[in-house]
Amino acid sequence: MTTMLASDLPLPKTGRGKVRDIYAVGDDRVLLVTTDRISAFDVVMAETIPMKGAVLTQISAFWFNELEGVVPHHMISADADEIIRQVPELKDHRADIIGRAMLCRRTTVFPIECVIRGYLSGSAWKEYAAQGTLAGESLPSGLVESAKLEPAIFSPATKAETGHDENITIARMREAVGDEVAYTLESMTRAIYTRGEKLARDQGIIIADTKFEFGRDQDGRIILIDEVMTPDSSRFWAVDAYKPGQPQPSFDKQPLRDYLDAERRAGRWNGDAPPPPLPASVVDASSDRYLEAFQRVTGRELRI
């Protein structure tokens, strides 16, 4: 399949994120098209990463199917032919949507990123190392980097249109969405993570942390939306390489981050847009990392 920087479909486009293009399908559905754009340090690269969009869409589809009976969700179909059957306007655009598009129920989105951390890493480790807290709430003393957190910690964040999301306390989350919704979002987050963490571990992957989004559908139900336990929304580690007390190699954008860090240290990039051009080696390494994540999580190779 060809790579895609941006989509152009005969439907009303209602949004464009760093990676996804969103189209309206009538009043009750949306089409999410995951491009091959990639971002790092809040900057979108000029280059595309082959197969990245398909990996993100199809990993999410895998998880939505696995979560049937655990939580309700927004996916209707991630199969191009079924999408075209339901949305005939796309019949001449099969090549554009195959593998990378998902037809979904429309929801009113809650303005909260529901982050759950099974291990102490990333921004959570930095805050803990400096202050002994996570989002201002105390954690036990003596924890090391990448330590397993038992139980996993629910750590909500505000959704940022640009820049980084901001970790917030559960009390602030309750102020934003109300006590009942906050309880439901945390309960659903924990149920999804418990299921996903076990299934992934059986495949040799640790889901160290991940984030979910939820919305309220037209029937008033709170349902899981967006992407689910992908390399873009999660930190994946190999079970057989896990060593607490240090950073862990991960199946995500690490080749890209390493390259950009080197460019910054060399004074060739100031960290703002536009980013430096990516060498073919970085593009290829990033694509390979995404494809390996798909194979590890699902137990099969991605075939489109």
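Sequence positions, counted from 1, serve as the residue numbers for this chain. Only heavy atoms go into these numbers, but all of them, side chains included; no hydrogens, no water, no symmetry mates.
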According to a hydrophobic-cluster definition based on side-chain heavy atoms being under 4.5 Å apart (Ile, Leu, Val, Met, Phe, Trp, Tyr only), do L9 and V19 belong together?
no
Are any of the side-chain nitrogens in D36 or K52 under 4.0 Å away from the carboxylate oxygens of its partner?
no
When the ring planes of F214 and F212 are compared, do they come out parallel, tilted or perpendicular, using 30° and 60° as the limits?
perpendicular
Tell me the closest heavy-atom pair linking L224 and V228, and the distance in Å.
CD2-CG2, 3.7 Å
Short side-chain to backbone donor-acceptor contact, D219 and R221, under 3.5 Å:
no
Are M4 and Y23 connected into the same hydrophobic cluster when the rule is that any two of I, L, V, M, F, W, Y join if their side-chain heavy atoms are below 4.5 Å apart?
yes
Test L5 against T35 for side chain to side chain contact (heavy atoms under 4.5 Å, CB included), laying out the working first.
CA-CA 6 Å; L5 183 63; T35 69; over 6 Å; no
Ion pair check, K13 and D8, cut-off under 4.0 Å
no
Can any side-chain N or O of K253 pair as donor or acceptor with the backbone N or O of S39 at less than 3.5 Å?
yes
List the steps, then state whether side chain to side chain contact (heavy atoms under 4.5 Å, CB included) holds for E180 with Y183.
CA-CA 5 Å; E180 184 177 343; Y183 174 81; 5.9 Å; no
Does the side chain of P255 reach to within under 4.5 Å of the side chain of R289, using non-hydrogen atoms?
yes
Any donor-acceptor pair under 3.5 Å linking the side chain of Y242 with the backbone of S146?
yes
Give a yes or no on whether a salt bridge exists between E175 and R172, defined as a side-chain N under 4.0 angstrom from a carboxylate O.
no
Does K126, at its NZ atom, have more than 12 non-hydrogen atoms belonging to other residues, nucleotides or ligands within less than 6.0 Å?
no
Is R100 salt-bridged to D21, cutoff N-O under 4.0 Å?
no
Is the cationic atom of R264 (NZ for Lys, CZ for Arg) positioned less than 6.0 Å from the six-membered ring centroid of F41 and within 45 degrees of its normal?
yes
Does W63 use its side chain to pair, donor to acceptor, with the backbone of M229 at less than 3.5 Å?
yes
Check: Q218 side chain, D27 main-chain N or O, donor-acceptor pair, under 3.5 Å:
yes
Check this for me, if you would: do D202 and K198 make a salt bridge, where the nitrogen-to-carboxylate-oxygen distance has to be below 4.0 angstrom?
yes
Under 4.5 Å between side-chain heavy atoms, counting indirect links through other Ile/Leu/Val/Met/Phe/Trp/Tyr residues: same cluster for W237 and I153 or not?
no
Does Y128 use its side chain to pair, donor to acceptor, with the backbone of L120 at less than 3.5 Å?
no
Hey, is CD on E301 packed in by over 12 heavy atoms from elsewhere, all under 6.0 Å?
no
Using only atom types and a distance under 3.5 Å, with no angle test, would you say the side chain of Q248 pairs donor to acceptor with the backbone of Q246?
yes
Considering residues at least two apart in sequence or located in another chain, which fulfil the ring-ring contact (aromatic ring centres under 6.0 Å, His included) criterion with H73?
F64
